[in-house]
Amino acid sequence: MDGDRLVHFTYESGDGKATALARDIASDPLWQSLKAVQAGSVHAVDDVIWNTAGGILAAERMLDDVAKIYGVD
């Protein structure tokens with residue numbers, strides 16, 4: 001799972017626990033050893049769009065994110 005780019009999302013329920021866990025994971029030595037992390041190619045995306053929502057509008061937003069991540073129009 002050591003790819004050139006890493007896309008991730010965090011589902012935050014409002015109590016701050018998911019954000020704290022994401023921060024803990026990002027500081028873990030194993031995470032820090034990943035090529036994408038070392039290259040600065042980690043991209044946080046919206047959980048609502050990438051995980052919860054469905055349909056054509058969500059798909060279009062995902063494609064917009066992918067285009068931005070890869071630097072294409």
Side-chain angles (χ1 to χ4, degrees):
M1 301 288 303
D2 195 11
D4 294 333
R5 287 184 175 82
L6 182 62
V7 177
H8 72 93
F9 54 82
T10 302
Y11 172 74
E12 181 57 69
S13 64
D15 60 7
K17 290 181 181 179
T19 301
L21 179 59
R23 216 175 8 252
D24 289 346
I25 290 169
S27 65
D28 186 279
L30 183 58
W31 176 269
Q32 292 296 320
S33 73
L34 296 172
K35 287 188 291 189
V37 174
Q38 293 175 356
S41 295
V42 177
H43 308 278
V45 295
D46 188 337
D47 166 70
V48 173
I49 300 302
W50 281 69
N51 190 44
T52 307
I56 189 69
L57 295 178
E60 288 177 355
R61 294 277 304 271
M62 289 175 73
L63 289 173
D64 289 343
D65 288 345
V66 169
K68 182 178 176 185
I69 290 167
Y70 281 87
V72 296
D73 293 325

What pair of heavy atoms forms the shortest contact from Ala36 to Asp2, and how long is it? N-OD1, 4.3 Å
Could you list who else is in Leu21's hydrophobic cluster, with ILVMFWY side chains joined at under 4.5 Å, directly or through other members? Leu6, Ile25, Trp31, Leu34, Val37, Val42
Mind listing the side-chain donor-acceptor pairs of residues 11-19 below 3.5 Å, one per line with the distance, residues two or more places apart or on another chain?
from, atom 1, to, atom 2, distance (Å)
Glu12, OE1, Ala18, N, 3.4
Glu12, OE1, Thr19, N, 2.7
Glu12, OE1, Thr19, OG1, 2.6
Glu12, OE2, Gly14, N, 3.2
Glu12, OE2, Asp15, N, 3.4
Glu12, OE2, Gly16, N, 2.8
Ser13, OG, Asp15, OD1, 3.4
Asp15, OD1, Lys17, N, 3.0

Could you identify which residues cluster with Ile69, counting Ile, Leu, Val, Met, Phe, Trp and Tyr as linked when any side-chain heavy atoms lie under 4.5 Å apart, either directly or through a chain of such contacts? Val7, Phe9, Val45, Ile49, Trp50, Met62, Val66, Tyr70
Connected to Ile56, directly or through other members, by ILVMFWY side-chain contacts below 4.5 Å are Leu57
For Asn51, what residues pass the side-chain hydrogen bond (donor to acceptor under 3.5 Å, both in side chains) criterion, not counting sequence neighbours? Asp47
Can you name the residues that form a side-chain contact (heavy atoms from CB on, under 4.5 Å) with Leu63, not counting sequence neighbours? none
Report yes or no: does Gln32 contribute a side-chain atom to a donor-acceptor pair with the main-chain N or O of Gln38 at less than 3.5 Å? no
